[in-house]
Every structure is written in structure tokens, then in C-alpha cells.
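Report on the structure given below.
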2 protein chains.
Amino acid sequence: MPRNRRISESTVRRLSIYYRLLSGLEKEGAPTVSSRELAEKEKLTPAQVRKDLSFFGSFGTRGLGYPVRELREKIARILGLNRTWNVAVVGAGNIGSALVSYKEFQKQGFLIKLIFDNDQRKIGSSHKGIPVSDVSHLADELKAHHIDIVVIAVPGPAAQGVAEEAVSAGVRAILNFAPVSLKIPASVSLRNENMSMELEQLSYFLVGGNG
Amino acid sequence: MPRNRRISESTVRRLSIYYRLLSGLEKEGAPTVSSRELAEKEKLTPAQVRKDLSFFGSFGTRGLGYPVRELREKIARILGLNRTWNVAVVGAGNIGSALVSYKEFQKQGFLIKLIFDNDQRKIGSSHKGIPVSDVSHLADELKAHHIDIVVIAVPGPAAQGVAEEAVSAGVRAILNFAPVSLKIPASVSLRNENMSMELEQLSYFLVGGNG
DNA sequence: CTTATTATGTGAATGCGTTCACAAGAACGT
DNA sequence: ACGTTCTTGTGAACGCATTCACATAATAAG
Ligand SMILES: NC(=O)c1ccc[n+]([C@@H]2O[C@H](COP(=O)([O-])OP(=O)(O)OC[C@H]3O[C@@H](n4cnc5c(N)ncnc54)[C@H](O)[C@@H]3O)[C@@H](O)[C@H]2O)c1
Ligand SMILES: NC(=O)c1ccc[n+]([C@@H]2O[C@H](COP(=O)([O-])OP(=O)(O)OC[C@H]3O[C@@H](n4cnc5c(N)ncnc54)[C@H](O)[C@@H]3O)[C@@H](O)[C@H]2O)c1
């Protein structure tokens, strides 16, 4: 059980996948699951599943598999899903509104506490019970509400400024929907969600990789 | 210039990044750009940039760099961005509506031609000039309109069925927003956009990788 | 024309994630 | 109790992506 070792990004991504599978299995009442079963549900190999889990300990029983409930709980702790996180969304536009409307985030413990915009017509109105605040108070509000994660859903040109404000307020995790490369300290975790890029990957596949 | 060779997914993803950077540089009027400059704008090494581009040919001039306009056009051809693609969105909910409202897709050549839903109240209404069609005619309409890419924005339980319909209609590329693992033939290109997973990766980082 | 400078293109080296292969452990039937 | 079956956990082998390092070439200046 090589704890403390650096875990690869791919492994962490797959932990999310296992977590989702295990949640489903738990609802179905399955007591145990084998690495083979988990692998078949996604497009993985049993060895991959076992190796991933082995980085965090030995959770399985030889000849039997992994205890569903226990493993799900263990992964929840590893991923930090056994608690809640305070989230703020910046940009009350199409994407921002969609995110706020999405109930699953709250159920998973990602609590959207604040929404920001710079449009006076939107400020003061409310989305799903959460009032839209003025982005000019961003840093102060982020601090006051102990926001852990900031979601950036503003137009590209505004994204860098928002990111810097968030960082200055002590935020250590950003999910960015704007199609720009944010420059922030390495100590802040950044994930980009670039839908255009996804479409471009599909396009590349469709043309077969040559013009 | 090792053409025909299999290009890694990471390389293709970075091509999208280079394309965006080059588009910006072209607007600014920059005639050439070096691998070092490109690398600095993203978080890459110059060698990475050169290696990526070398898979497709020799576009640069030693001592000078790459011609911005030419390289952008070349990458556009490689990624299939020098043409248009017909896109259909299935699910006229929060995400589906956000996508349809997003003008940039059209500018990039991803033309959203059809929207589908199964809610009678939505069918017949229109989003941004595109009428919402009944999903029960999905396969026929996809064929009739020569749809290249299907975006799945329906609730998880409905996603697999939509994917199968799309595949049966000959669609070869799918962008899936539902948090499920779609089972489709390997000949169909699939990209998943799972926002919950992105938040979970951030959460993992915040807890430091241990419970 | 020569030298200094800059920057590409690419084999070779490196590093890292994935897969292999098997010893070891647990359950179950006889 | 014992053999059969199943499945984990993991060192080792493998393969692929990244990085290194340098020969090559173009430009510009003296
Ligand atoms: N909608 C999509 O489907 C889609 C797809 C891909 C990428 N994106 C990206 O997501 C981001 C948001 O897209 P959208 O469609 O929701 O845009 P939108 O225009 O609908 O919303 C942007 C919101 O941000 C607000 N805003 C602008 N500047 C601001 C600032 N400085 N501070 C705070 N708020 C500010 C605007 O008032 C608006 O309400 C953009 O960067 C876009 O490129 C969107
Ligand atoms: N909204 C978000 O921020 C968000 C975030 C993460 C993931 N997602 C995922 O994206 C998907 C869409 O989310 P949403 O928020 O837009 O949901 P939504 O409920 O707003 O929209 C779903 C739409 O699909 C339609 N629909 C349902 N079954 C259908 C079927 N069989 N055929 C055609 N249409 C059907 C519904 O009528 C509705 O209009 C879901 O799978 C959700 O889990 C959404």
C-alpha cells in the first residue's frame, strides 16, 4: 500500500468513474464487485482497476472482490466527497445559469453559494434562490463566504481578471469554461472545460486526421 | 515528415490549442511565431510544440519560426475546421439551450441544425430560430439533414437510447454531457463532458489526495 | 564572405502509465 | 480436510509520450 506516493491524474480521473459505478451498484444492493466487473462497465482492464485502487490501500478480498459500500466510502474520502464544498459561479449567462439549475451538484456536496455578474440588469435578481451579486465585490464575498471553488463562466476576455481576483481571495480551485489559458500560480488547481476543443477533436476524427 | 503515423490524443488536443493561439496571433498581425513563444503562452515546452507539428510536416523556417497564417490554415485542415459540420443537439434543457445560444460554434463551422426533445411542451417551440423537433423522429431527421455530430444533453437514463438511435442513423461522432458511460461501436468517436468529474478532481486536489 | 545568432527538425534518452503474469489468499463443494 | 475455482495485489515488462540534445539551416551584421 504505497501511500504518499504521487498519484497520476489519470488515476484520479478514474476514481471518479469508480465512485459513480459504485454508487449505482450500492443502490442496486450489490454487496461486492470484482475488478473485472468494474472494468467491463467502463472501457478498462481489470488490472488497471486493481492497480488504481492499490495506490490507496488493499480494499478487496481475494476470490471475492471489493465490498461495494466500503469501497465507495473509501473513494469518497479520497476524493473529498464526504464533505461539502462552497462554490461560486462567476457569470450569470447561459452556462452559469445551467450550472446553478443543476440539482446534482448540490446532492454531491458542491454547494453553489454565490453567483456574480457585472450586468446591472442581472445583479439583484436571483437564480434558483441565489441572488446575483455584483462582481466588483468578488474577492470580499469569496472570503466572507469561505468559497472553496470558483467556476468561471464569463466571456473569454474577462476570465483572467476574474481568476486573479479569485486567487487573491485565497481560492485554491478553479473550473474554467472560458476558452482562454488562465495564468495563475501552480498552487491553485485549475481545470478547463472547453467545449469547442471537444468538438474539434471529433472533427479531427471525422476527417481521419488529414485535410 | 512521418505522415500516416498514428497521432496521439494528446497531440490532437494540443493542435486545438495551437489553433486558438494562432488565430489570436493572426488577428494581432504577427507574421511568424516560434515554438518557444507558443510554448510560453500555454504551459508547454518548445520541444513539445515542435514535435507535435513535426508529425504533420515541416512548416517552420530555421532561425525564424513558423508562419502564423500558413500554420493556422494547415492546422485547420488537419482538424477539419476548414469546412462546416452539421450538428444536432438532443435535449432542449439547460445545457442544450446554452449550447444553442453559443454563437461561437457557428463561427467555428459547427452548425447546429436540429434540436430534439421528448417534452410536448417544448416540441414545436424554437430556440434561436431552430425549432425543437420530436425525438421520436430522431434517426430519420439525422439522416435527412446529414448530421455529422450529435450532442447528447438529456438526463442520464435517456442517453444510451439516444446514442443508439444516433449510431443507427449513421452518425460517427458524439459529444455526451450525460454522466453515463455510453456503449457504442468503436467506429464511432465519443467525447464525454462530465462537469461533476471536473469538480471531483478539484475536490481531490483540495483535500490533498488523502481522506 | 565569414561569423554570430536564432530556431527548426528529429533521433535518442528518459520517464511514466498501462499491461502482464503470477504468487497468495479466500470461499465453496465434496 | 482438500482440491478447485476465483480474484486480489504487485513486481516486472512493456509501450508510448515527453524531453533532451544537437546537427542543420536561415538570417543578419560586420
Ligand atoms: N454557452 C455555451 O454553450 C458555451 C460553450 C463553450 C464555451 N462557453 C464559454 O463559457 C463562457 C460563458 O458563456 P455563456 O454562453 O454563458 O456566455 P453569456 O454571455 O451568456 O454569459 C456571460 C455572463 O458573464 C457576464 N459578465 C461579462 N463580463 C463579466 C465580468 N467581468 N464579471 C462578471 N460577469 C461578467 C455577462 O453579463 C453574462 O451574464 C464564455 O467564456 C464562453 O466562451 C460557452
Ligand atoms: N445543467 C448542468 O449544469 C449539468 C451539469 C453536469 C451534467 N449535466 C448533464 O447534462 C444533461 C442535461 O442536463 P440539463 O441540466 O440540461 O437537464 P434538463 O433537465 O434541463 O434538460 C434535459 C432535457 O432533455 C429532455 N429529455 C428527457 N428525456 C429525453 C429523451 N428521451 N429524448 C429527448 N429529450 C429528452 C427533457 O425534456 C429536457 O428538456 C444531463 O444528463 C445532466 O446530468 C448537466
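Quick note on labels: first sequence line is chain A, next is B, and so on, each numbered from 1. Computed from a predicted structure; not experimentally measured.
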* Please report the C-alpha distance between B:Arg69 and B:Glu73 in whole Å, then the side-chain angles of each, then the deciding distance to 0.1 Å, and finally whether the salt bridge (Lys or Arg N to Asp or Glu O under 4.0 Å) criterion is met. => CA-CA 6 Å; B:Arg69 185 184 163 75; B:Glu73 284 172 354; 3.0 Å; yes
* Evaluate the criterion side chain to side chain contact (heavy atoms under 4.5 Å, CB included) for residue pair B:Arg172 and B:Asp148; output intermediate values, then yes/no. => CA-CA 7 Å; B:Arg172 289 175 52 236; B:Asp148 301 297; over 6 Å; no
* List the steps, then state whether side chain to side chain contact (heavy atoms under 4.5 Å, CB included) holds for A:Leu71 with A:Leu53. => CA-CA 9 Å; A:Leu71 184 58; A:Leu53 297 176; 4.0 Å; yes
Find every protein N or O atom lying less than 3.5 Å from an N or O atom of nucleotides 25-30 of chain D, and list the pairs.
unit_1: D:dA26; atom_1: O4'; unit_2: B:Arg62; atom_2: O; d: 3.3

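Distance, A:Phe59 CZ to D:dT7 C1': 17 Å, rounded to whole Å. Distance A:Leu44 CG to C:dT19 C1': 13 Å, rounded to the nearest Å. Straight-line distance from the CD atom of B:Gln48 to the C1' atom of D:dC20: 13 Å, rounded to whole Å. Protein atom CD of A:Glu9 is 10 Å distant from nucleotide atom P of C:dG17, rounded to whole Å. For B:Arg13 and D:dT18, the CZ to P distance is 8 Å, given to the nearest whole Å. Spacing between atom CZ of B:Phe55 and atom P of D:dA17 amounts to 8 Å, rounded to whole angstrom units. Rounded to an integer number of Å, the gap from B:Asp52 CG to C:dG9 P is 12 Å. One interatomic measurement links the two molecules: OH of A:Tyr18 to P of D:dT8, which rounds to 12 Å at whole-angstrom precision.
The side chain of A:Tyr66 has D:dT8 as its nearest neighbour among D:dA17, D:dT8, D:dA21. You'll find that the side chain of A:Ser34 is closest to D:dT8, out of D:dT8, C:dT19, C:dA7.
A donor and an acceptor atom, one from each side chain of A:Ser34 and A:Glu37, are located under 3.5 Å apart. Looking only at atom types and distance, the side chain of B:Ser196 has no donor-acceptor partner in the side chain of A:Glu104 under 3.5 Å away. With 3.5 Å as the limit, one finds no donor-acceptor pair spanning the side chains of A:Gln201 and B:Glu9.
Each end of the helix from C:dC1-D:dG30 to C:dT30-D:dA1 gets its own axis from five base pairs, and the two axes differ in direction by 0°, given to 10 degrees.
At the heavy-atom level, A:Thr11 lies nowhere under 4.0 Å from the strands shown.
Inter-residue side-chain proximity for B:Tyr66 and B:Arg50 is flagged as met; some heavy-atom pair is nearer than 4.5 Å.
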